[in-house]
Structure formats: C-alpha cells, structure tokens
Participant: 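Take this structure first; my questions come after.
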Amino acid sequence: MLFNAHSFIFIFLPVTLLIFHLLSRRGQITYAISTLIVASLVFYGWWEPSYLLLILASIAVNFCLGETLVRCPPIKKVRRKCLLWFGISANLIALGWFKYANFLIDSGNTVLGTDLHVQRIVLPLAISFFTFQQIAYLVDTYRARTHERSFLHYALFVTFFPQLIAGPIVHHKEMLPQFAKQIGGLKLQNLIIGGTIFFLGLFKKVIIADGVSPYSDTVFAMAANGDTLTFLESWTGALAYSIQLYFDFSGYSDMAIGLARMFGVRLPLNFNSPYKSPNIIEFWRRWHMTLSRFLRDYLYFALGGNRHGAARTYANLMIVMLLGGLWHGAGWTFVLWGALHGFYLLVNHAWRYAMASRREARLVTGTIDGATQHNSAIKQAGHFFLGAIVKFSAALASHALTLLAVVVAWVLFRADSVEVAGRVLAGMAGFNGIALPVEWLHSHASLANSLGAIGVQFQPLASMGPLFTPLRDLAVISGAQMQVDSVGTITALLSLALPIAIALFWPNTQQIMRRFDPAIGTTASGGLPEVLAWRINIPFAILTAMMAAYACFGSSVASQFLYFQF
Amino acid sequence: MNNQPTHLQEKRFAQWFCVLFVCLGAIVFVFKRTDLFPWPGVCNPAGYDSEHYMAYCHSTRYGDYEHFALYNNLEPRAIDALKRASVLFLGNSNTQYAFSTSIVSDYFERRGIKHYVMGFGQGAQSPVAHAVMKKHALQPQMIVANIDPFFSDETNGTFQRVLDGGDKLATEFKTKQKLQRWQARVCSDSDSRWSRWACQGTAETLYRSRANGHWLTDYYRENHRHPVTSSDDLLESLDAAEQAANEFINSFNVQRECVVLTLTPRTGTPNQFARALAARLHLPLVEPELENLVTIDHSHLDKDSAKRWSSAFIDEFDQYAEHCVTATSVASNE
C-alpha cells in the first residue's frame with residue numbers, strides 16, 4: 001500500500017485512526033496498540049503477504065535475543081558477546097541473502113568466470129530499514145542502554161506503518177518511551193498538525209517529484225538504449241533526477257512524520273534542506289539524517305571514528321560511505337556512488353584541516369608581528385565592502401561546488417549500470433556537443449549566430465531525440481498529460497527551475513511547521529519570517545485545504561516511492 | 001510553543017479544512033481527471049459538419065480522440081471509407097498537412113479512385129498504421145508512405161495508451177464521442193441555451209473527414225513562415241528503418257511496386273535518408289523539389305505550399321497510380 005494511494009488516504013488511514021481512537025478512549029491502550037500493529041502488518045502485507053513471515057520472525061528472534069541479553073548477567077561477558085554477534089550476524093545474513101545474494105553471485109561469475117546460478121530473489125520491502133533498527137536495539141541492549149521490555153511496544157517500534165517501509169530509521173530510545181507514555185487517544189491538534197505535514201509531503205511527492213520524473217526517466221532510458229546524449233539533455237536528466245529524488249524521499253519522510261503525529265508519536269527529522277548545504281560534510285548532516293546517524297553511531301564509532309589519527313579517520317570515513325552506498329542497493333553503481341561521496345568527504349575534511357592550519361599559522365604570525373597585524377586591520381577596515389563580496393562569492397562557489405558534486409554523484413545512483421552513468425556524465429561534460437532546439441531562437445537570429453560561433457548547434461525539435469519530442473508533439477495526449485508545445489518548451493524547463501528554486505531557497509517543512517515542534521531534532525529558527533510560519537487559524541486552513549485537495553486529486557496514478565527499492 | 005491554539009480555534013480550523021477540502025477536492029478531481037471528465041467546450045467548434053469530426057483538441061480538457069476512435073471503430077463511417085480506400089496515405093501529422101488538399105481529393109475523384117489520408121499526429125510511425133490496418137483488415141491496392149520517419153518499431157505514447165487501455169479508456173473515449181456529437185448539435189443551433197458554455201472554446205482544434213481522412217487545419221496553429229531546408233538527419237536509423245519497412249510491407253497483401261515512398265518538406269527534411277532508404281528497398285520515391293516552400297511551425301507545410309507541393313506530387317505519382325489502381329478501383333469500390 002502506498003501513502004499516496006486513495007485507498008490508503010480515504011480508507012486505510014481513517015479506519016485505523018477511528019479504531020485506535022475508540023479503543024484508546026475506552027482506556028484499552030493495549031488493544032489500541034495491538035490494532036496499530038495489526039494495521040501495520042496489513043499495510044506491509046498488502047504488497048506481498050508471504051514476507052509477513054519474515055518480518056514477524058525477525059521481530060520475534062531479535063526480541064528474544066534482546067531479552068536473553070538482558071537476563072544474562074554482565075559478568076558473563078563472553079556469552080553476552082556471543083549472543084550479540086549471533087544476533088548481528090543473523091540480521092546481516094538475512095539482509096545479505098535477500099539483498100546481496102544475486103549481486104555477489106553475478107559479480108563472482110564475472111570475476112571468476114564461473115557459471116553459478118541462483119533463483120532471482122525478490123527484495124522484501126523495508127528489510128534494510130527494519131534490520132538496521134533492530135541491530136541498533138541489540139547493540140544498545142548489550143550496552144545496557146535499553147529499559148523498555150514490552151513485546152507489544154517492541155513490535156510496534158519495528159512495524160509502526162508510518163516509518164516501516166522507508167524510514168526515518170527510528171531509534172528505540174526515541175520511540176519506546178513514547179509508546180509507553182504518550183500514545184493513546186487522538187487529539188484534534190495532533191490530527192491537524194500531522195495532517196498538514198502529511199499533505200505537505202504528499203504535495204512534494206505527487207506534484208513536484210512525479211512532475212519532473214518524466215524528464216529523468218526519458219534521459220536515463222535514452223542512455224540505457226545506448227543513445228548519445230547532448231549537453232542539455234544530460235543536464236536536464238541529472239537535475240531532474242536530483243529534484244525528483246529529494247522531493248520524493250523528503251516528501252515520504254514528511255508523510256511518515258505527519259502520519260505518526262496523528263497518532264501522537266513524533267518521529268525524528270530525516271531531511272533539513274540538504275541542497276542548501278555549503279559543503280559535503282554539511283550535506284550528510286542534512287540528507288537522510290537518520291541513516292547518517294545510524295552509520296555514525298554503529299559503524300563509524302565502532303571502527304574507531306576519528307580517535308586514531310588522520311589516516312585512520314579517512315579510512316573509516318571511506319569504509320562507512322562504501323557500506324552506506326551498498327546499503328542503498330546491490331550494484332556497482334551504488335558502490336561507486338558511496339566511494340565518490342567518501343572521496344568528497346575526504347577532500348572536504350582535508351580542506352578544513354588545511355584551512356584551520358593556515359588560520360592558526362596566521363594567528364601565530366600576527367601575534368609575533370604586531371606591525372603586520374596593524375596593517376592587516378587597516379586593510380580590513382578599508383576593504384570591508386570588498387571583503388564582504390569576496391566572502392559572499394566564496395560562499396556561493398562553495399554551495400555551487402557542493403551541488404555540482406552531489407548532482408554528478410546522483411547520476412551513478414540513478415543509472416542502471418556504470419556504462420549508462422558514463423554516457424550521461426559524458427554528455428554533462430560536453431563531450432557530445434551542445435545542441436539547442438532551433439525553435440527557441442527563431443526570433444533571435446543574432447543570439448543564435450553568437451551561440452553558433454562558439455560551437456553550439458541548432459536542430460529542429462523534430463530531430464532532437466525523445467527528450468524533446470514529447471515536449472513538441474506529445475503535448476496533449478488525452479488530457480492527462482502536460483500541455484507543452486514548441487513554444488512551451490520553456491515552460492518545460494521552468495518546471496525544473498521552480499522545484500530547484502524551492503529546494504534551494506524555500507523553507508522546508510520543519511521550518512514552516514516550527515511552531516508545533518513537528519519532529520524530533522527540529523531546530524526552531526530560520527527559514528521564513530515568523531508571521532508566515534504555519535498556525536492553526538482560518539487562512540492557513542484554507543491554504544492547507546487547497547494544497548491537500550490538489551495533492552490528493554491532482555494525479556490519477558499513485559506512483560511508487562523511489563526509496564522503496566532500498 | 002507560546003500562544004497555544006484554543007480548542008475552538010482547532011475546531012474552526014478542522015471545519016474550514018473539511019468543507020474546503022471536499023469542495024476543492026471535487027473541483028480539482030473534475031478538472032484534473034480529464035480521463036473521467038473530458039470537456040470539448042474549450043475547443044473551437046467551428047469545424048463540425050456532417051463529414052468532419054473533432055480529431056484532436058489542443059487542451060488537457062480534451063486532447064486526442066482519433067487514435068482510439070479509428071482503432072476501436074468509434075467512427076464507423078470513417079472505417080467504412082478506410083476499408084473501401086484503394087490508396088492509403090500513411091505517416092505522421094506532416095502527411096496530413098501536405099495531402100489534405102483539394103488537389104489530392106480532386107485528382108482521386110476525377111479518376112474514380114477511393115483514397116484515405118491516414119496519418120496520425122503525435123509523431124506516429126508505422127506501428128500505429130500497421131495496428132489500425134490489421135485491426136480492420138484493410139486491403140489497399142496502393143500505399144503511399146511518408147518516411148519522415150515512418151518505418152520503425154516505435155509506438156507513440158498516445159497510441160501505446162490506446163493499446164494498453166482497458167474498459168476505463170473505452171469509457172473515456174465514448175464520453176468524448178458523445179460530448180463532441182452533443183457539442184456539434186448544440187453549436188449548430190444558435191438558440192441553444194447551452195451554446196455559451198459549449199461553443200465559446202478557442203483551443204486549437206483539428207477535424208478529420210470521415211470520407212477521405214483529410215484534416216481540416218483551419219482551426220489549428222498560427223501561420224508562421226519558416227523556409228524548408230534539408231539535412232542529413234536520420235541516416236543512423238537506416239538499417240532499422242529498412243528492416244521495419246520490409247516487415248511492414250510483407251505483412252500486407254500489397255504488390256511491392258505499389259508501395260510509393262514520399263517525403264514531405266520541413267525544416268531539416270531528411271532527403272539523404274529518404275533516398276538511401278528508397279534505394280535499399282528498391283521502391284519509388286516521389287519527392288518533388290519546389291522553390292519557396294514554407295512551413296507554419298518548422299514541420300507542417302502552410303496551405304499554399306501544401307497545395308503546390310501536393311500538385312507536384314500528384315503529377316509524379318500518377319504514373320504509379322495508373323499502373324496499380326486504375327484498372328481495379330471501380331470494381332473494388334462498388
């Protein structure tokens with residue numbers, strides 16, 4: 001079942017809320033929680049009922065292991081360690097079998113020239129998410145950091161349908177206490193706030209992400225067909241995918257946070273405007289924050305973090321990013337994507353270190369040489385304005401470089417194979433030339449001449465390949481499609497520019513909803529003037545209803561979320 | 001969290017939200033779900049008459065009609081005309097603009113030959129024509145294919161939707177059919193109380209003749225004037241086009257010498273491709289070269305150019321038609 005399906009919004013959710021409310025109001029909290037677990041299992045099983053056995057077995061085994069660990073006295077260290085490693089191994093073996101068996105066998109066959117075959121294994125939905133959550137639970141139980149012992153609460157912690165399929169990856173520490181103390185009885189305020197966050201997420205997914213997906217799908221399909229992509233086509237595809245992925249996944253996270261809030265539960269924040277990041281380190285603090293947190297707490301720290309010198313720190317970072325890449329999917333493109341981000345992080349950390357050393361050196365020089373410091377101060381005062389410009393330019397360049405690096409890496413993330421990614425990247429680098437539709441400039445001959453002089457080609461839309469053909473002729477198919485003709489190609493480009501502007505400059509959901517503490521980890525400031533922050537009054541009811549109506553009924557199909565495949 | 005909202009504020013919010021959500025949701029549903037609620041009232045209704053139906057309206061409220069209509073026999077008179085046609089013109093929208101002229105209809109009328117110009121818009125190529133011809137068991141004696149490009153295995157999105165669509169799609173297009181018949185009736189009656197709702201539309205519209213498939217293009221697109229040029233486009237798709245052409249021709253009972261290729265002029269006309277393909281297939285290519293031809297939008301010939309070009313085409317085409325059709329047409333058409 002999908003959050004954006006009408007059957008979910010108008011049947012599953014209201015029925016679940018109603019039953020939960022009726023049971024809680026009568027004080028039957030245990031039954032209310034059981035209802036939520038059953039509803040979550042129905043939600044999960046809707047896709048493939050047979051995998052219910054897998055998730056139920058996973059919950060039972062991990063809970064039993066946790067209980068055994070709790071009961072095992074701290075003095076029996078070896079036994080406790082064995083139990084922990086058994087638990088972690090069991091989880092990783094299950095994940096490895098379902099997610100990586102085909103990949104490992106295919107790779108082995110390629111490298112070793114063998115011909116091993118295994119039946120294609122269908123990846124169970126959400127296995128990466130619930131495996132990580134339960135590994136964290138086991139590790140913390142081993143460290144005696146878990147205190148909640150209710151099986152029902154544990155089962156709900158794993159299955160709670162708002163976060164089950166694609167996160168946020170919740171931590172037992174932030175969920176189990178809520179189930180123990182806060183859950184029970186619906187509050188109108190929570191319904192309003194949760195509903196608004198849900199519809200914001202739905203709008204992001206249905207209107208923005210699904211709106212730009214035809215551009216990325218077309219370009220990557222062309223690359224997969226072996227077509228040569230020009231500069232404009234490649235960049236359109238790469239940017240469209242960057243926008244699609246962000247609004248799709250952050251939209252999903254918003255919907256999850258909103259749904260949980262309706263039941264009175266607060267989930268952790270998962271996105272904080274990552275495309276506004278000035279550097280890659282910051283990007284990973286803002287993108288899929290709960291995954292970054294898991295990798296940091298349970299992998300990076302376990303590897304030694306930054307406690308063993310620069311070389312070991314960099315090696316740890318690289319390992320974490322490689323495994324992070326592999327977590328997203330069993331394929332070399334994901335490994336390369338992780339490696340590329342690992343490389344970005346190394347460069348970023350090295351740069352920071354170099355800058356810090358330089359500042360220190362300057363400080364030392366300044367202290368020794370008073371005259372130099374004095375002159376520097378005068379210069380600074382004299383060139384304050386210039387300094388501000390330089391600072392602004394440096395910040396701008398830093399943002400642009402970060403964005404460029406991220407977009408380039410997304411090409412690897414999206415492509416079906418390394419070859420396909422190579423074709424798109426070659427187009428983006430301008431190796432296949434630049435071609436613009438002649439229709440765009442037929443009324444500006446001089447501009448066309450100038451561009452022609454620097455090697456830009458002009459071709460009729462008719463001969464520019466599938467990316468532009470839909471914009472020309474497949475304009476109005478039967479009403480359900482976008483309306484774009486040869487003049488409207490600009491409109492098509494604007495449809496990419498607007499979401500980019502929103503991602504870069506518009507406040508995010510948590511900033512819009514900041515008055516109501518929408519998620520765990522929300523920072524209360526920034527983003528937009530206080531007067532524009534969402535509140536419970538009639539003007540915002542009108543705005544919310546408009547957005548909700550458009551998001552609910554603006555599309556005739558419920559498309560899948562991109563992160564479901566991970 | 002200062003200034004916590006009161007319960008009354010929350011109730012008011014919920015009431016306003018629910019009422020507006022239902023009302024706006026219904027409006028958005030009707031306007032966005034054009035597959036369930038098509039509306040031809042936005043389309044220019046000036047082209048209806050007993051012979052013409054609305055083939056396409058450039059609005060998300062209506063969109064394409066003829067792909068589904070011709071494939072699924074929503075226009076029985078058009079299908080009858082198709083079945084009776086001895087000469088079929090196949091291709092994309094450029095074909096429709098170039099051959100929907102009085103020169104062409106007069107020529108065939110004079111000769112007593114039934115013809116049908118069966119090009120489709122939205123970049124249609126041979127799979128669309130092939131599917132329609134097979135579905136209705138068409139048996140033309142002669143085929144004129146506008147290879148701009150035409151022979152390929154690519155189905156355009158509009159027709160793919162027709163092929164994929166089930167009962168839901170049938171409902172959508174039957175609704176469109178009923179609505180355009182209703183609109184034609186309403187708009188022919190100046191006293192109708194519905195005319196202000198149904199007959200004020202200005203969206204660009206194409207009408208198709210049920211008798212010979214000609215498009216009525218008077219209500220579609222402004223008249224820009226872009227000169228015709230040639231290019232070496234499409235050469236890379238020569239092998240695929242050759243294979244698709246042979247498969248297409250072999251799947252119909254048409255004598256090979258009665259398949260004539262043509263190439264309607266536009267900006268970047270792929271002349272080299274057309275000549276190379278004709279040579280490989282050993283088929284005649286009728287490709288009149290005239291001075292000062294212009295298109296209205298880089299693709300479609302303007303009316304004057306279409307007249308001049310189709311006249312030159314007919315002069316050259318006549319020799320093939322004489323050989324392939326004349327002797328049998330009268331008998332087969334009776």
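Below, read A as the first sequence line, B as the second, and so on, with proteins coming before strands; counting in each chain starts at 1. Heavy-atom basis, side chains included; hydrogens, waters and symmetry copies ignored.
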Participant: Any chance you could measure A:Y550, atom OH, to B:L24, atom CG, to the nearest 0.5 Å?
Facilitator: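 The CG atom of B:L24 is 12.5 Å from OH of A:Y550, to the nearest 0.5 Å.
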
Participant: I need the minimum non-hydrogen distance between B:K11 and A:L188, along with the two atoms involved.
Facilitator: N-CD2, 3.8 Å

Participant: Applying side chain to side chain contact (heavy atoms under 4.5 Å, CB included) to B:L20 and A:M546, what does each step give before you reach the verdict?
Facilitator: CA-CA 7 Å; B:L20 279 169; A:M546 284 165 69; over 6 Å; no

Participant: Does the side chain of A:T544 come within less than 4.5 Å of B:F13's, by heavy atoms?
Facilitator: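 B:F13 reaches A:T544 side chain to side chain.
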
Participant: So which heavy atom on A:A549 is nearest to which on B:V28, and how close?
Facilitator: O-CG1, 4.0 Å

Participant: Who passes side-chain hydrogen bond (donor to acceptor under 3.5 Å, both in side chains) against B:T295, sequence neighbours left out?
Facilitator: none

Participant: Residues two or more places apart in sequence or in another chain: which of them pass ring-ring contact (aromatic ring centres under 6.0 Å, His included) with A:F203?
Facilitator: none

Participant: What distance separates A:K187 NZ from B:H7 NE2, expressed to the nearest 0.5 Å?
Facilitator: 12.5 Å

Participant: Tabulate, in ascending numerical order, the residues of residues 533-543 of chain A having at least one heavy atom closer than 4.5 Å to a heavy atom of chain B, or enter 'none'.
Facilitator: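 Interface residues of residues 533-543 of chain A: A:W534, A:R535, A:I536, A:N537, A:I538, A:F540, A:A541, A:I542.
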
Participant: May I ask you to check whether over 12 heavy atoms, not counting those of B:R181, lie within 6.0 Å of atom CZ?
Facilitator: yes

Participant: Does A:F10 CZ have over 12 foreign heavy atoms under 6.0 Å away?
Facilitator: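 Enclosed.
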
Participant: State, with a plain yes or no, whether a side-chain heavy atom of A:C552 is found less than 4.5 Å away from one of B:F29.
Facilitator: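 Sidechains of B:F29 and A:C552: no contact.
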
Participant: Would you please name every residue forming a ring-ring contact (aromatic ring centres under 6.0 Å, His included) with B:W39, sequence neighbours left out?
Facilitator: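 Once residues adjacent in sequence are excluded, the partners of B:W39 under the ring-ring contact (aromatic ring centres under 6.0 Å, His included) criterion are B:W182.
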
